[in-house]
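Presented below is the structure to which this report refers.
Worth saying up front: this structure is predicted, and the values here are computed from it rather than measured. Residue numbers run from 1 in the order of the sequence given.
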Amino acid sequence: MNQETDMETQTLTDHDQIVEAFFDKLRSFPLPKGIELELPPKCAREAPARYVEYVPGEKLVGEIVVPLQYANPLGQLQGGFLSALFDNLMAPLCYAAAGPTTSIDIATSFVRPIAVGESILIDVRIRRLGRRAVHMTAEAFDKEGQLVATSTSNLIPMG
């Protein structure tokens, strides 16, 4: 994709530019005592996202190729791993908007299976950014644009 920036909405559409914007923002927050920032975190390295759209404080869209090791016995993405993929995109968007946070819940609803080796597009949004909690939603789509699953999560600031 070409590097594009819409200055009015601050929409970024280049993966490298999005990564750099996240890293700059995440490094600017004070960390809890004894914690060192590791970017990207270990939990996001087996199935790395290629970011395709980022609107600070609002939205992050990433494309992920489903790894073989995430397969259930039928060769489809196991549901718990899909929840983790949702969380791996929700976390950086929330952290960049609200500082260090921790999840208090995550709920995932499954619509259709997706085979390992296929790519999914995950669209994450902040629906409410409050002082005490952040509410987020996410949707995953297959290569035909069909809905695969949805997720919601609530997070609280750690500071």
Side-chain angles (χ1 to χ4, degrees), residues 1-4 11-23 25-27 31-32 35-98 100-128 133-156 158:
M1 248 183 220
N2 291 337
Q3 181 176 344
E4 298 175 17
T11 299
L12 305 177
T13 58
D14 175 77
H15 172 80
D16 293 333
Q17 186 181 22
I18 293 169
V19 168
E20 191 57 38
F22 270 128
F23 285 6
K25 184 68 173 179
L26 298 180
R27 288 182 183 118
L31 295 172
I35 301 293
E36 288 188 36
L37 188 61
E38 185 177 346
L39 299 171
K42 288 179 180 73
C43 64
R45 292 182 187 166
E46 276 190 24
R50 183 180 64 82
Y51 301 124
V52 296
E53 185 177 2
Y54 171 51
V55 180
E58 294 179 25
K59 173 182 180 176
L60 177 62
V61 180
E63 183 178 21
I64 300 169
V65 176
V66 178
L68 178 63
Q69 63 269 32
Y70 286 14
N72 67 17
L74 299 175
Q76 299 165 343
L77 176 59
Q78 191 266 350
F81 286 118
L82 181 52
S83 290
L85 295 177
F86 278 132
D87 196 28
N88 282 349
L89 267 78
M90 288 180 179
L93 178 62
C94 186
Y95 197 115
T101 57
T102 188
S103 300
I104 56 174
D105 63 26
I106 187 168
T108 303
S109 297
F110 306 99
V111 177
R112 66 178 35 82
I114 184 108
V116 296
E118 291 188 29
S119 61
I120 57 172
L121 195 68
I122 297 179
D123 183 326
V124 175
R125 310 229 178 185
I126 293 177
R127 298 300 179 179
R128 183 173 181 331
V134 180
H135 178 69
M136 302 184 77
T137 62
E139 296 176 318
F141 300 91
D142 64 16
K143 62 186 175 196
E144 284 84 34
Q146 296 182 323
L147 185 65
V148 171
T150 62
S151 185
T152 60
S153 183
N154 293 288
L155 303 96
I156 57 173
M158 293 175 58

Measuring from atom [atom1] of [X] to atom [atom2] of [Y], what distance do you get when rounded to the nearest 0.5 angstrom?
{"X": "Ile106", "Y": "Thr152", "atom1": "CD1", "atom2": "OG1", "answer": "7.5 Å"}
{"X": "Lys59", "Y": "Thr11", "atom1": "NZ", "atom2": "OG1", "answer": "7.5 Å"}
{"X": "Leu60", "Y": "Met90", "atom1": "CG", "atom2": "CE", "answer": "11.0 Å"}
{"X": "Leu147", "Y": "Arg112", "atom1": "CG", "atom2": "CZ", "answer": "7.0 Å"}
{"X": "Tyr95", "Y": "Thr102", "atom1": "OH", "atom2": "OG1", "answer": "11.5 Å"}

Quick one: which residue pairs count as a side-chain hydrogen bond (donor to acceptor under 3.5 Å, both in side chains) with a foot in residues 69-93, not counting sequence neighbours?
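Sorted result for residues 69-93: Glu46-Gln69, Ser83-Thr108.
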
Could you go through the side chain to side chain contact (heavy atoms under 4.5 Å, CB included) check for Ile114 and Leu82 one step at a time?
CA-CA 10 Å; Ile114 184 108; Leu82 181 52; 5.7 Å; no

Residues in ring pair (Phe, Tyr, Trp, His ring centres under 6.0 Å) with Tyr51, at least two apart?
His15, Phe22

Flag, side chain of [X] to backbone of [Y], donor-acceptor distance under 3.5 Å:
{"X": "Thr13", "Y": "Val52", "value": "no"}
{"X": "Asn154", "Y": "Ile104", "value": "no"}
{"X": "Ser151", "Y": "Ala107", "value": "yes"}

Which residue pairs pass the salt bridge (charged side-chain N to carboxylate O under 4.0 Å, His left out) test when at least one of the two sits in residues 61-71, sequence neighbours left out?
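Found Arg50-Glu63.
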
Is there side-chain contact between Phe141 and Val148, with heavy atoms separated by less than 4.5 Å?
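A side-chain contact under 4.5 Å is absent here.
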
Would you mind reporting whether Glu20 and Gln17 have side-chain heavy atoms less than 4.5 Å apart?
no

Taking all non-hydrogen atoms of both residues into account, name the closest pair between [X] and [Y] and its distance.
{"X": "Ile64", "Y": "Ile122", "answer": "CD1-CD1, 4.0 Å"}
{"X": "Cys94", "Y": "Thr101", "answer": "SG-OG1, 3.6 Å"}
{"X": "Ala96", "Y": "Leu26", "answer": "N-CD2, 3.8 Å"}
{"X": "Ala49", "Y": "Leu89", "answer": "CB-CD1, 3.9 Å"}
{"X": "Val55", "Y": "Leu93", "answer": "O-CD1, 4.2 Å"}
{"X": "Ala98", "Y": "Val134", "answer": "CB-CG2, 4.1 Å"}

Mind checking what makes side-chain contact (heavy atoms from CB on, under 4.5 Å) contact with Ser109, not counting sequence neighbours?
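Scan of Ser109 (side-chain contact (heavy atoms from CB on, under 4.5 Å), adjacent residues dropped) gives Thr150.
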
The criterion is side-chain contact (heavy atoms from CB on, under 4.5 Å); which residues satisfy it with Arg127, sequence neighbours excluded?
Arg125, His135, Thr137

With Arg27 via side-chain hydrogen bond (donor to acceptor under 3.5 Å, both in side chains) - residues at least two apart
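Residues passing side-chain hydrogen bond (donor to acceptor under 3.5 Å, both in side chains) with Arg27: none at all.
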
Within 6.0 Å of CD in Glu36, more than 12 heavy atoms from elsewhere:
no

Test side chain to side chain contact (heavy atoms under 4.5 Å, CB included) applied to Met136 and Ile126, step by step
CA-CA 5 Å; Met136 302 184 77; Ile126 293 177; 3.8 Å; yes

